[in-house]
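Working notes, beginning with the structure itself.
In what follows, chains carry the letters A, B, and so on, assigned in the order in which the sequence lines appear, proteins first and then strands, with residues in each chain numbered from 1.
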2 protein chains.
Amino acid sequence: MSDTEAPVAVGTLQEVLAALSDPVRLEMVRRMHAAAGPAPCARLYDGVSKSTASHHFKILREAGVTERSVIGGQTHQELRLDDVEERYPGVLRSILSVS
Amino acid sequence: MSDTEAPVAVGTLQEVLAALSDPVRLEMVRRMHAAAGPAPCARLYDGVSKSTASHHFKILREAGVTERSVIGGQTHQELRLDDVEERYPGVLRSILSVS
DNA sequence: GGCTCGGTTCGATGATTATCAAACTGATGT
DNA sequence: ACATCAGTTTGATAATCATCGAACCGAGCC
């Protein structure tokens with residue numbers, strides 16, 4: 001079974017930038033982008049504890065940058081690139097394209 | 001007389017995003033962009049003390065986002081849009097173009 | 001010299017925030 | 001029922017950070 005939550009509106013530009021300014025979260029976002037679809041949580045981070053990772057996922061979701069879905073009982077996270085692009089054109093796209 | 005400091009290299013993407021994620025600093029950057037050239041410090045902020053503003057200017061400079069110059073004895077701040085664009089194409093430009 | 005004006009630096013304080021371990025929850029499997 | 005696995009929440013701690021006032025500095029002016 002698949003279950004996706006009703007996504008919150010994309011947050012303020014400040015919220016989005018603050019969400020992306022943490023290295024752990026930016027790496028999460030990069031991996032979600034590479035995954036190009038719902039990805040299991042555990043594949044999206046390294047070097048921090050489960051609880052810390054969950055905290056960062058929450059911040060990303062509350063900024064409207066990602067959404068959570070449950071697929072076959074497992075939680076997945078997914079980048080809301082189109083939504084963020086619609087609200088702030090070019091911002092997330094350029095950040096992801098930069099090395 | 002005009003005196004411009006040798007600008008530091010543009011910082012990491014994290015540093016740049018962190019610098020822009022503060023509302024006071026983003027407003028400073030917006031005003032510098034509008035000024036399109038060296039602008040006197042006092043025109044670039046509202047609602048915080050002189051010392052706080054100076055602190056924020058420093059963070060922006062250390063991230064390589066702005067530079068300081070002295071024109072006729074007065075300190076001015078200027079956006080380094082071209083340098084940041086060269087290092088992180090699209091990032092700062094898109095942030096400035098967004099409402 | 002002494003004064004003001006614009007900025008910076010110092011030191012302190014309060015608020016955020018990142019982090020973890022532990023307890024909890026919900027689903028799956030035996 | 002029990003155990004396990006994945007993720008969340010809670011509570012606490014440590015670190016970072018924004019903010020301010022006060023002291024300081026350099027340039028121009030009287």
[X] [atom1] to [N] [atom2], straight-line distance once rounded to whole Å:
X     : N      : atom1 : atom2 : value
A:R61 : D:dT9  : CZ    : C1'   : 12 Å
B:K58 : D:dC20 : NZ    : P     : 18 Å
B:D22 : D:dT16 : CG    : C1'   : 13 Å
B:L20 : D:dA18 : CG    : P     : 13 Å
A:I59 : C:dT19 : CD1   : C1'   : 12 Å
B:Y45 : D:dC20 : OH    : C1'   : 13 Å
A:I71 : C:dT28 : CD1   : C1'   : 17 Å

inquiry  = I want to check one thing: is the phosphate of C:dG7, taken as OP1 and OP2, less than 4.0 Å away from some side-chain N or O of B:R68?
reply    =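 B:R68 to C:dG7 OP1/OP2: no side-chain N or O under 4.0 Å.
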task = For D:dT19, take OP1 and OP2 only and decide whether either is under 4.0 Å from a side-chain N or O of B:S49.
result =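 No.
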ask   = Under 4.0 angstrom, heavy atoms only, what part of the nucleic acid is B:S54 near: base, sugar-phosphate, or nothing?
value =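 Answer is base: heavy atoms of B:S54 come under 4.0 Å of a base.
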request  = Looking at every strand, decide which applies to A:H55 at a 4.0 Å heavy-atom threshold: base, sugar-phosphate, or nothing.
outcome  =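 Counting heavy atoms under 4.0 Å across all strands, the contact made by A:H55 includes a base.
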ask   = Any chance the side chains of A:T52 and A:S49 put a donor and an acceptor closer than 3.5 Å?
value =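 There is such a pair (donor and acceptor under 3.5 Å, judged by atom type) between the side chains of A:T52 and A:S49.
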query = Has A:E5 got more than 12 heavy atoms of other residues, nucleotides or ligands less than 6.0 Å from its CD?
reply =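 Yes, enclosed.
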query = Would you say the base of C:dA21 and the side-chain of A:S51 have a donor-acceptor pair closer than 3.5 Å?
reply =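 Indeed there is one.
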task = State whether the side chain of B:Y45 and the backbone N or O of B:V24 hold a donor-acceptor pair below 3.5 Å, judged by distance alone.
result =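 A pair under 3.5 Å: no.
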query = If you check every side-chain atom of A:F57, which of D:dA18, C:dG6, D:dT8 has the closest atom?
reply =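 Out of D:dA18, C:dG6, D:dT8, the nucleotide with an atom closest to A:F57's side chain is D:dT8.
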request  = Taking only the side-chain heavy atoms of B:K50 (C-beta and beyond), determine which of D:dT8, C:dA18, C:dG7 contains the nearest atom.
outcome  =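 Closest nucleotide among those given: C:dG7.
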message = Between the side chains of A:D82 and A:R87, is the shortest nitrogen-to-carboxylate-oxygen separation below 4.0 Å, so that they form an ion pair?
response =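 Salt bridge: no.
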